[in-house]
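Only one structure is covered here, and it is reproduced in the block below.
So that the names make sense, note that chain A is the first sequence line, chain B the second, and so on, each numbered from 1.
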Number of protein chains: 2
Amino acid sequence: MAETEIIHNEKTCNGKLVAIGDALYAIGGKWKLRVILALRSGNNRFNELQRTIPGISAKVLSNELKELELNGFVKRIVHTGTPVVVEYEVTPYSDTLHGILESLSDWGMKHKDKIRKQAGKDMA
Amino acid sequence: MAETEIIHNEKTCNGKLVAIGDALYAIGGKWKLRVILALRSGNNRFNELQRTIPGISAKVLSNELKELELNGFVKRIVHTGTPVVVEYEVTPYSDTLHGILESLSDWGMKHKDKIRKQAGKDMA
DNA sequence: CTGTATCCGCCCGGATACTG
DNA sequence: CAGTATCCGGGCGGATACAG
């Protein structure tokens, strides 16, 4: 039956839901992706990151970096010396997010278009 | 240069970041996707939804449904009669989320595997 | 049944000050 | 510079009661 394409199997859906939950747990939230993007664009020091990401506080940035490190997206590198320098790097694993980022941004743009058109119609 | 594939253009990235923010704003959060999934699996009445989605309160469910309706994912249908029956339906627009849901769940599953393997190594 | 209103505890996160 | 500790206010969301 063709309906299975639309209706889906409930157990499959639940499994996906769990997986989606896992994904959102790891990369959801206000800052995770922004931190990763900031790191990608070449800002690797703590204070540099804080300046690059508007509105983030030291405490929150610290927590985000720890979680990102736990999840394997970021590597913390301490260069001993005088003074001590700490750098953060995105790992190759963070590249696995590429597909998600692409679909999210594609959809986000289309969605905004749709919202703008609705707003236009509301005005008329 | 081949590096552009990895490093990306900063303005493009910012544009994507905004779009990703828009997307997460619309479908991010704890309940949005769960509500949509519950509706898809045939639960259309308010109390039915509340029973189907573990842990959601009436207030939160009410808010989620309003936001989902505003964003065009859900249609609210009032059947006048005695008693009045209210039903919620997913709209065809919610199908546009399919790509996002697929990449999220794919990635979520792979990510969980990776975490489990790490945990296994930690034990050894 | 389908919600809304109110109360309220808790936690997120901002500001600031401080340590190494 | 690289964070941590503390204080604290606002808001999210749960419980309950209530309205249509």
Side-chain angles (χ1 to χ4, degrees), chain A residues 17 20-21 24-71 73-91, chain B residues 17 20-21 24-71 73-91:
Chain A
L17 184 51
I20 289 168
L24 290 180
Y25 186 78
I27 62 160
K30 196 171 178 180
W31 301 110
K32 294 279 186 309
L33 295 177
R34 289 174 192 277
V35 173
I36 290 177
L37 267 289
L39 284 169
R40 261 192 214 289
S41 54
N43 304 281
N44 302 322
R45 311 278 293 273
F46 189 90
N47 284 357
E48 214 173 25
L49 286 169
Q50 202 183 346
R51 262 177 278 115
T52 306
I53 305 168
I56 198 167
S57 71
K59 183 170 71 173
V60 173
L61 177 57
S62 177
N63 286 333
E64 297 292 308
L65 286 169
K66 278 176 192 163
E67 291 175 29
L68 288 173
E69 199 185 354
L70 268 177
N71 281 322
F73 297 121
V74 166
K75 182 116 197 267
R76 184 175 186 268
I77 301 166
V78 181
H79 301 278
T80 53
T82 318
V84 173
V85 169
V86 180
E87 282 190 326
Y88 295 90
E89 284 183 0
V90 288
T91 65
Chain B
L17 184 51
I20 289 169
L24 289 179
Y25 186 79
I27 63 161
K30 197 172 178 181
W31 301 111
K32 294 278 186 307
L33 294 176
R34 289 174 192 278
V35 172
I36 290 177
L37 268 289
L39 285 169
R40 260 193 214 289
S41 53
N43 303 281
N44 304 321
R45 311 277 294 273
F46 188 90
N47 283 0
E48 214 172 26
L49 286 169
Q50 202 183 347
R51 264 177 277 114
T52 305
I53 305 169
I56 198 167
S57 70
K59 184 171 71 173
V60 173
L61 177 56
S62 177
N63 285 334
E64 297 292 309
L65 287 169
K66 278 177 192 163
E67 291 175 29
L68 289 172
E69 200 185 354
L70 267 177
N71 280 323
F73 298 120
V74 166
K75 180 119 199 264
R76 184 175 186 269
I77 301 166
V78 180
H79 301 278
T80 53
T82 319
V84 174
V85 168
V86 181
E87 283 190 325
Y88 296 90
E89 286 184 357
V90 288
T91 65

Is there a side-chain contact (heavy atoms from CB on, under 4.5 Å) between Asn44(A) and Leu39(A)? Walk through the geometry before answering. CA-CA 6 Å; Asn44(A) 302 322; Leu39(A) 284 169; 4.1 Å; yes
CD of Gln50(B) versus P of dG13(D): gap in Å, rounded? 15 Å
Is there a side-chain polar atom (N or O) of Tyr88(A) under 4.0 Å from OP1 or OP2 of dG3(D)? yes
Whole-Å distance, Leu65(A) CG to dA2(D) P, equals 11 Å
Here the distance between atom P of dG3(D) and atom CG of Asn44(A), to the nearest Å, is 13 Å
Does a side-chain N or O from Arg45(A) land closer than 4.0 Å to OP1 or OP2 of dC1(D), or not? no
In this structure, how many angstroms lie between the P atom of dG3(C) and the CG atom of Asn47(B), rounded? 9 Å
Rounded to the Å, how far apart are Asn43(B) CG and dT2(C) C1'? 16 Å
With sequence neighbours left out, what residues match Gln50(A) under side chain to side chain donor-acceptor pair (under 3.5 Å)? none
Closest heavy-atom contact between Leu61(B) and Phe46(B)? CD2-O, 3.6 Å
Find the distance Asn63(A):CG to dA5(D):P and express it as a whole number of Å. 11 Å
Provide, to the nearest angstrom, the distance between the CD atom belonging to Glu69(A) and the C1' atom belonging to dA2(D). 14 Å
Under the criterion side chain to side chain donor-acceptor pair (under 3.5 Å), which of Arg34(A), Lys32(A), Lys59(A) is the partner of Glu64(A)? Lys32(A)
Between Arg51(A) and dA2(D), is there a contact of a side-chain N or O with OP1 or OP2 at under 4.0 Å? no
How many whole angstroms separate atom CD1 of Ile77(A) from atom P of dG3(D)? 12 Å
Classify every nucleotide of nucleotides 7-20 of chain C by which part a protein heavy atom approaches to under 4.0 Å, writing B for the base, S for the sugar-phosphate alone and - for neither, in 5'-to-3' order. B-----BB------
Side chains of Ile27(B) and Phe73(B) in contact at under 4.5 Å (non-hydrogen atoms): yes
Below 4.0 Å: OP1/OP2 of dT4(D) and any side-chain N or O of Ser62(A): yes
Applying side chain to side chain donor-acceptor pair (under 3.5 Å) to Arg76(A) and not counting sequence neighbours gives Tyr88(A)
Nearest-neighbour nucleotide for the Arg76(A) side chain, dC1(D), dT2(C), dG3(D) considered: dG3(D)
Are any non-hydrogen side-chain atoms of Leu37(B) and Ile20(A) less than 4.5 angstrom apart? no
